[in-house]
Student: 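My questions will all concern the structure given below.
Naming: A, B, ... by sequence-line order, numbering from 1 per chain.
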Amino acid sequence: MANVKPSIPKGTRDFTPTEMVRRNYILNTIRSIFEKYAYLPIETPSIENLSTLMGKYGEEGDRLIFKILNSGDFLANVDLGNKTAQQLTPLICEKGLRYDLTVPFARFIVQHQNELIFPFKRYQMQPVWRADRPQKGRYREFYQCDIDVIGSNSMLNEAELIKITDEVFNAFKLDTVIKVNNRKILSGIAEIISEPDKITTICTAIDKLDKIGREGVLNELKDNGLTDSSINKLMPFFDFSGTNEQKLDFLEKMFINSEIGRKGIDELRSMLSYVDALTISTPVEIEFTLARGLNYYTGAIFEVKCKQVAMGSVAGGGRYDDLTSIFGLKNMSGVGISYGAERIYDILLECDGFPTSLTTPIKVLFINFGKKEELYALQAVQQLRNANITCELYPDNVKIGKQLNYANNKAIPFVIMAGENEIKENCFTLKNMQTGEQKKVTITQLLEYKL
RNA sequence: GCGAUCAUAGCUCAGUUGGUUAGAGUGCCGGAUUGUGGUUCCGAAGGUCGUGGGUUCGACUCCCACUGGUCGCCCCA
């Protein structure tokens, strides 16, 4: 067989044991917080019907969904004609890899509505796939940690998600800021500058404010057909700064003629009053220019940025009033937030934030001295394992130096040697690999020893 | 989908205006040291210089194409 050069697809990664220990630490930390707040786990398949996924993430999103070629003779009954790739895709692919966890969740809700208890609080930590061009902090396969409450309109849910976010990033000792806004405020802005139809354009443009600057945003708005007078009316929103309270007061004056805008203010006020009651240490800042690209958001929107490291957001979410209606279930408002496990990993790595205790879980290595000694060692191995001490016996009778080196490389703190002498005396030689100190102990002493 | 940049030993990287047999560090293997490692010393193995073409007496080096990595744009965790 020809030699195959080992490689994995662009934007995907292998994880070594060291990396997995750290990833599990992140996922376990997040999971335990989710569970403390009474969220329950679900899982959904990696692949969904393409009809479930398409059209939910905007045009760009559709392009970034990995599509799966139909099995068998996928060209049977397909008239190739002069079709473009886009026209051909739905004819030869009916499944795709999930793009996020929120849309499959909406599908799940509708499909299982009779078995679930509402309001339904769920968490879900699974990989998602995007056919994006990989770059810093961006992969084609990555884990999202989603948490959502569906079937409740209360702002208590928004506040709870903010509290959970606070707790999650405190657990990782990361210095973050939670940016909040409300889609209704953005609708209000679009309304009072008399461009209510251009809401999406306005959102995506002003979302880039801190990236391309004010000039860039203005140019983009102009390119997308906004009139100069509309853009002029938009200017005050960019300029205003102050406390959350000052921002809300400012908006209140601006929104005298916008009912939807005033609704947005009410929601934000209500949400923030709950937040105040929850004692949150992370700063929560209103930012009118926060928009977020996903077009299913209708109310609150959140985004979490890490102040220590320049990278995209580490979490994002919002309220969606109508996501389940495309699957046939109306009046089912939900709100959720998604934490990016990979980005948290990259940030912790960059700022040396992993706990030092995250080393190998292996406590003891038994040195292999030969056939007879193996059997002697194995009995002790069993007893240590029964006492819940992680240990292993080196499988081959090779030179001691090599076996000790193996312990060093795996950062195993203790080594046990049991050869002819020890068998005679019915004991074990326990060696501390850090200090080099070693002493003879009985099996009872071994089990009592703090390993 | 668009752009920039890079590709030499398992890993990190040198390699002169284009010139004989492509180097170092580290790791791996063996030995000094057959029941004692992380230090030291000695030795050995390891390369189609990303792939394919072109220029040249001669290419790791120059040119073109492709592939892959990284980083930006779009979009996003």
Student: Parallel, tilted or perpendicular, judged at 30° and 60°: which one describes the rings of A:Y394 and A:Y406?
Tutor: perpendicular
Student: Measure up the A:Y296 and A:Y320 rings against each other and bin them: parallel (under 30°), tilted (30 to 60°), perpendicular (over 60°).
Tutor: perpendicular
Student: Using atom C1' of each nucleotide, how far apart are B:G30 and B:A44 to the nearest Å?
Tutor: 7 Å
Student: If you pin A:F142 and A:R63 to their nearest nucleotides in RNA chain B, which one's is more 5'?
Tutor: A:R63
Student: For B:U51 versus B:A9, give the span between their P atoms, rounded off to a whole number of Å.
Tutor: 10 Å
Student: When you look for runs of 3 or more Watson-Crick or G-U pairs in a row, both distances below 3.5 Å, which of them include RNA chain B?
Tutor: B:1-7 with B:67-73, B:10-13 with B:23-26, B:29-32 with B:40-43, B:50-54 with B:62-66
Student: Hey, is the side chain of A:K136 poking within less than 4.0 Å of OP1 or OP2 on B:G72, counting only N and O atoms?
Tutor: no
Student: Can you tell me how the ring of A:F105 sits relative to the ring of A:F108, calling it parallel under 30°, perpendicular over 60° and tilted otherwise?
Tutor: parallel
Student: Going through the checks in order, is the ring pair (Phe, Tyr, Trp, His ring centres under 6.0 Å) test met by A:Y345 and A:F172?
Tutor: CA-CA 10 Å; A:Y345 181 97; A:F172 295 123; over 10 Å; no
Student: Do A:R133 side-chain and B:C71 base share a donor-acceptor contact under 3.5 Å?
Tutor: no
Student: Atom CD of A:Q135 and atom C1' of B:U5: how far apart are they, to the nearest Å?
Tutor: 14 Å
Student: Give one of base, sugar-phosphate or nothing for A:Y406, where a contact means two heavy atoms less than 4.0 Å apart.
Tutor: nothing
Student: Salt bridge (Lys or Arg N to Asp or Glu O under 4.0 Å) with A:E94: which residues, sequence neighbours excluded?
Tutor: none
Student: Rounding to an integer number of angstrom, what distance separates B:U39 and B:A32 when you compare their C1' atoms?
Tutor: 14 Å
Student: When you check the gap from the basic side-chain N to the acidic O, do A:E267 and A:R319 get nearer than 4.0 Å?
Tutor: no
Student: Reading nucleotides 25-37 of chain B 5' to 3', which nucleotides get B (base under 4.0 Å from a protein heavy atom), which S (sugar-phosphate only), which -?
Tutor: ----S-S---BBB
